Amino acid sequence: MITWKSEFVVLSVAVALAMGGAVIHARDSAPATDLTAQKPPEIVQEIERVVSRAEERATLPLDLSRSDFERELSERYVGTHTLYRALSEQAQMEVYEHYQQDNRIESIRRVVAYAM
């Protein structure tokens, strides 16, 4: 466990292995408004830009055709695309069908890994 204490912030991160995967728990005890009030506006804008880009990367656009889905994988998630291309045609179709139900890259990566 790592704990960092500041005037208004207590951040603790605990990493544990459970069922073969890492479980990360983070807690921020200060409201975001307290933290942003202390930052210059240009810093707040940059933080928001970076966070929103990370959130955009967490999902693929909805309703892509299979060819567009594969293009998105190849352009945005090269490693996942490399593993996806190594799958059989049937497994690739199953991954695509899964994406239609759940467009989170984390979930898509899990299906690709299990299909290997």
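Not measured: the values here are computed from a predicted model.
The local environment of CD in Q90 is sparse, with at most 12 non-hydrogen atoms from other residues, nucleotides or ligands closer than 6.0 Å.
Considering only heavy atoms from C-beta on, V111 stays 4.5 Å or farther from E94 through its side chain. In this structure the side chain of V78 reaches within 4.5 angstrom of the side chain of T82, judged on heavy atoms. I108 is listed as a side-chain neighbour of F69, based on a closest heavy-atom distance under 4.5 Å.
In this structure, Y84 and V112 approach most closely via the heavy-atom pair N-CG1, 3.9 Å. Nearest heavy-atom pair, M116 versus L87, reported as atom, atom and distance to 0.1 Å: SD-CD2, 3.5 Å. Considering all non-hydrogen atoms of both residues, P61 and E72 come closest at CD-OE1, 3.8 Å.
The main-chain N or O of L60 is found under 3.5 Å from a side-chain atom of N103 such that the two form a donor-acceptor pair. Proximity of a side-chain donor or acceptor of Y77 to a complementary backbone N or O of R109 within less than 3.5 Å is not detected.
Judged as a salt bridge (Lys or Arg N to Asp or Glu O under 4.0 Å), and not counting sequence neighbours, the contacts of R104 are D102, E106.
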*Determine, step by step, whether Q92 and Y96 satisfy the side chain to side chain donor-acceptor pair (under 3.5 Å) criterion, reporting the C-alpha distance in whole Å, the side-chain angles of both residues, the deciding distance to 0.1 Å, and the verdict.*
CA-CA 6 Å; Q92 288 180 10; Y96 176 70; over 6 Å; no
*With side-chain contact (heavy atoms from CB on, under 4.5 Å) as the test, would you mind laying out the steps for E70 and R85 before giving the verdict?*
CA-CA 9 Å; E70 291 174 351; R85 297 298 295 162; 4.2 Å; yes
*Output, in order, the C-alpha distance, side-chain angles, deciding distance and verdict of side-chain contact (heavy atoms from CB on, under 4.5 Å) for R66 and M93.*
CA-CA 8 Å; R66 183 166 170 193; M93 182 54 88; 3.4 Å; yes
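For the atom pair D68 CG and D63 CG, the distance stands at 11.0 Å (nearest 0.5 Å).
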